[in-house]
Amino acid sequence: MNRIATRVRQFLTDPVALGYLALVAALVVWALTVTGLDDSGESMAGVVPVLATAPFGFVLVVLPDHAASFLVAVAIGGVVNALVIGWCSQTLRNRRNG
């Protein structure tokens, strides 16, 4: 179990994965700000973070309709995608270095 936690930590702390997570966080802040400032209630800004966390963000969008479920879907989708991105980044870096 300790080995798995170490690998997950390595993948999530990869610079490319951290950059992706920062982008997702910035998109969430932007979407919440735009939605909060929109008086008409017709803002579609929440779609952008969900698209940024696709395909895993789409799977969790079926959660009950609540503001927290949007954040949970984006957060889980972002972390899963960051794991995949970190794994790909480290694998490509290791193959290039021999």
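The two residues A54 and N81 make their nearest non-hydrogen contact at O-ND2, 3.2 Å. Contact between A45 and A31 at its shortest, heavy atoms only, is O-CB, 3.5 Å. When every heavy atom of A82 is checked against every heavy atom of A17, the shortest pair comes out as O-CB, 3.4 Å. Listed here is the closest heavy atom pair of D38 and S43: OD2-N, 3.0 Å.
How far CG of L21 is from OG1 of T53: 11.0 Å, rounded to the nearest 0.5 Å. Note that CZ of R7 and CG of N2 are 13.0 Å apart. Values are rounded to the nearest 0.5 Å. The distance from atom CZ of F11 to atom OG1 of T91, rounded to the nearest 0.5 Å, is 6.0 Å. With values rounded to the nearest 0.5 angstrom, W87 atom CH2 is found 15.0 Å from L12 atom CG. Rounding to the nearest 0.5 angstrom, the gap separating the CG atom in L32 from the CG atom in L71 is 6.0 Å.
No side-chain donor from either of R93 and Q90 sits under 3.5 Å from a side-chain acceptor of the other.
Under the 4.5 Å side-chain contact rule for hydrophobic residues, V47 and V74 share a cluster. When hydrophobic clusters are built by joining Ile, Leu, Val, Met, Phe, Trp and Tyr residues whose side-chain heavy atoms come closer than 4.5 Å, directly or via intermediates, V48 is not grouped with V24. The cluster map of Ile, Leu, Val, Met, Phe, Trp and Tyr, joined by side-chain heavy atoms under 4.5 Å apart, puts V16 and L23 in different clusters. One hydrophobic cluster holds both L51 and V28 under the rule that ILVMFWY side chains link at heavy-atom gaps under 4.5 Å.
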Inset, instruction - Determine, stepwise, if the pair I85 / D14 fulfils side chain to side chain contact (heavy atoms under 4.5 Å, CB included). - result: CA-CA 9 Å; I85 290 168; D14 185 79; 5.6 Å; no
Inset, instruction - Test side chain to side chain contact (heavy atoms under 4.5 Å, CB included) on V50 and F70 and set out the steps. - result: CA-CA 8 Å; V50 173; F70 161 76; 3.8 Å; yes
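The one candidate from T33, V34, T35 that meets the side chain to side chain contact (heavy atoms under 4.5 Å, CB included) condition with L37 is T33.
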